[in-house]
4 protein chains.
Amino acid sequence: MFIELELQSDRPIFAQIAQQIVEGIASGELNPGDAMPSVRSLASDLGINLHTVNKAYQVLKQDGFLQVHRKKGVVVQPGEMPGVTEAFIDKLHRQLRSVASEAVVRGMSESEFVAASLAVYRGDLMYKGDNLE
Amino acid sequence: MFIELELQSDRPIFAQIAQQIVEGIASGELNPGDAMPSVRSLASDLGINLHTVNKAYQVLKQDGFLQVHRKKGVVVQPGEMPGVTEAFIDKLHRQLRSVASEAVVRGMSESEFVAASLAVYRGDLMYKGDNLE
Amino acid sequence: MFIELELQSDRPIFAQIAQQIVEGIASGELNPGDAMPSVRSLASDLGINLHTVNKAYQVLKQDGFLQVHRKKGVVVQPGEMPGVTEAFIDKLHRQLRSVASEAVVRGMSESEFVAASLAVYRGDLMYKGDNLE
Amino acid sequence: MFIELELQSDRPIFAQIAQQIVEGIASGELNPGDAMPSVRSLASDLGINLHTVNKAYQVLKQDGFLQVHRKKGVVVQPGEMPGVTEAFIDKLHRQLRSVASEAVVRGMSESEFVAASLAVYRGDLMYKGDNLE
DNA sequence: GTGGTCTAGACCACC
DNA sequence: GTGGTCTAGACCACG
């Protein structure tokens with residue numbers, strides 16, 4: 001699991017970590033039940049504070065993507081992943097809307113926009129697709 | 001031009017204003033050359049601080065969506081709107097990626113995701129569509 | 001709003017704070033829309049670190065009892081309080097079960113146990129009851 | 001005696017064990033004088049550490065629910081079970097209060113709350129009730 | 001060793 | 001002024 005941080009981004013570090021873990025799950029690089037590195041080791045690997053890693057884990061635990069297991073530490077949700085909840089739909093629409101309106105104003109066509117969405121969606125399945133041969 | 005703020009959102013108010021102005025342009029509710037309300041009046045209408053409105057305008061001016069006109073004050077870009085720059089493509093991909101990976105993990109199908117993107121893109125053209133008919 | 005901490009309790013400080021705020025809402029001492037003290041001021045009042053107070057606020061925000069308002073800081077949920085969710089029922093049963101089984105073994109009768117539950121439930125409405133005259 | 005652990009619960013394993021033993025006594029599944037499985041065998045059955053089971057036994061011995069018997073090893077308190085001490089009343093009230101106040105805020109009615117308490121109390125007597133008929 | 005909690009002190013964006 | 005984030009370093013319960 002490789003995580004690359006942009007320390008000087010406007011996006012919080014913990015959010016970057018959380019997102020890349022989700023991407024890892026989406027791509028099949030991380031599988032249900034897999035053990036995550038301990039907060040300490042990941043923090044040390046990334047050269048950041050353990051609390052920052054911990055916050056990322058907490059956020060994902062809260063959303064149901066990770067679980068804290070008493071014996072194995074933090075693991076990727078071994079049971080059922082959270083589904084397409086109403087809250088997620090809301091979030092999805094809000095984020096899409098913010099980016100779509102700018103695309104419209106900048107003159108990006110409908111097909112270009114949809115093509116970009118599709119490409120990105122498929123990109124997240126890259127690894128998994130490779131694994132499935 | 002109606003702007004609705006969510007004071008308890010995690011999204012900064014100035015960003016909410018900026019986005020809704022872009023949406024207004026996308027939908028055709030705001031047209032090139034239109035005069036924007038003065039910082040003071042908009043701030044007063046929204047019941048917020050002058051600085052907040054000003055920051056929203058600054059951001060949009062910076063991106064080329066607004067212009068400062070000698071007599072009319074702040075106006076919607078009367079000339080050519082900023083196009084699909086490489087920077088925008090990057091931003092688009094980054095934002096899509098963040099939401100797409102979560103969609104994948106939550107089990108949202110490719111077609112559902114693309115349909116959502118399309119719906120949102122078209123939603124931004126709602127007003128314009130109405131006007132065109 | 002008075003909060004009393006047991007610094008040497010096994011119960012985390014942040015949890016004590018969170019619970020006493022909920023009790024304050026239950027009793028009517030805190031009403032929807034009321035502004036909570038800032039993390040800094042409450043922390044200073046209680047003689048603890050601001051992060052500890054912050055965590056209590058975060059937990060309550062997560063559960064929907066508090067909201068973070070961009071202008072007023074942290075406020076008591078002004079809209080609808082979270083209802084009797086399935087998750088709460090689960091939590092309720094788990095906690096009741098833990099205490100009820102011990103009550104049974106210690107020979108506390110059914111009526112004594114129910115009476116205690118009732119008394120405690122009503123106790124939480126003490127202030128509110130007083131206010132309603 | 002069946003003990004089921006939730007490894008990903010926030011509740012310590014030793015506490016889960018201790019509670020389920022108390023529940024076993026409450027339900028009549030475990031009777032005064034009954035021999036408890038040895039620390040080693042129980043630990044092995046549950047697939048956990050010796051120390052963890054030991055700690056559960058220590059806690060229960062401390063409270064008077066278990067006793068160390070010269071020959072039989074650890075047994076369920078053969079004499080008089082601990083009664084309704086003042087310390088227990090305190091604990092009972094503290095725990096009930098924490099859950100009752102949240103119930104009040106969430107709009108759970110007095111009768112619903114009392115009904116839940118009663119149901120849980122009786123639930124702990126399920127087995128015993130079955131045996132008595 | 002793990003995660004959970006707490007402290008202390010700092011910088012930041014926002015309003 | 002507010003809350004949000006990050007760092008550094010510490011202690012604890014748990015397994």
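What you see is a predicted model, and the numbers here were worked out from it, not measured in a lab. Chain letters run A, B, ... following the sequence lines, proteins first, then strands; residues in each count from 1.
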Hey, does the side chain of A/Asn54 come within less than 4.0 Å of E/dG4's phosphate (OP1/OP2), counting only N and O? yes
Between protein and nucleotides 12-14 of chain F, what N or O pairs are separated by less than 3.5 Å?
unit_1: F/dC14; atom_1: OP2; unit_2: D/Lys55; atom_2: NZ; d: 2.6
unit_1: F/dC14; atom_1: O3'; unit_2: A/Arg70; atom_2: NH1; d: 3.3

For the pair made of CG in A/Asp10 and C1' in E/dC14, what is the distance, rounded to whole Å? 14 Å
Judged by each residue's nearest nucleotide on DNA chain F, which is more toward the 5′ side, A/Ala15 or C/Val74? C/Val74
May I have the distance from A/Arg11 (atom CZ) to F/dC6 (atom P), rounded to whole angstrom? 11 Å
Watson-Crick or G-U stems of DNA chain E, 3 or more pairs, under 3.5 Å, by first number: E:1-14 with F:1-14
CG of C/Leu5 versus C1' of E/dT7: gap in Å, rounded? 15 Å
Are there more than 12 heavy atoms of other residues, nucleotides or ligands under 6.0 Å from atom NE2 of D/His51? no
Of all heavy-atom pairs linking B/Pro82 and B/Asp63, the shortest is CG-O, 3.3 Å
Between C1' of E/dC15 and CD of B/Gln16, the distance in whole Å: 13 Å
Donor-acceptor pair, A/Gln16 side chain versus A/Leu5 backbone, under 3.5 Å? no
Among A/Val74, A/Thr52, A/Asn49, A/Val53, the one residue meeting side-chain contact (heavy atoms from CB on, under 4.5 Å) with A/Val39: A/Val53
Rounded interatomic separation in angstrom, taking CE from C/Met36 and P from F/dT2: 14 Å
So CG of B/Leu42 and CD1 of B/Ile21: to nearest 0.5 Å the spacing works out to 6.5 Å
Can you check side chain to side chain contact (heavy atoms under 4.5 Å, CB included) on A/Leu46 and A/Ile13, steps first, answer last? CA-CA 10 Å; A/Leu46 297 174; A/Ile13 297 179; over 6 Å; no
Determine whether the side chains of D/Gln58 and D/Gln62 contain a donor N or O and an acceptor N or O closer than 3.5 Å. no
Does the side chain to side chain contact (heavy atoms under 4.5 Å, CB included) test come out yes or no for A/Glu102 and B/Phe65, once each step is laid out? CA-CA 10 Å; A/Glu102 189 167 343; B/Phe65 295 120; 3.9 Å; yes
Quick one: does A/Arg106's side chain have a donor or acceptor within less than 3.5 Å of a partner on A/Ser101's backbone? no
Donor-acceptor contact present, side-chain A/Arg40 to main-chain A/Leu50, <3.5 Å: no
Would you say A/Lys61 places a side-chain N or O within less than 4.0 Å of OP1 or OP2 belonging to E/dG4? yes
Can you pull out the residues from residues 41-51 of chain C that lie within a 4.0 Å heavy-atom distance of DNA chain E? C/Ile48, C/Asn49, C/His51
State whether C/Gln58 places a side-chain N or O below 4.0 Å from either non-bridging phosphate oxygen (OP1 or OP2) of F/dG3. no
Between F/dT2 (P) and B/Leu7 (CG): distance, integer Å: 18 Å
Do A/Glu23 and B/Arg97 meet the salt-bridge criterion of a basic N to acidic O distance under 4.0 Å? yes
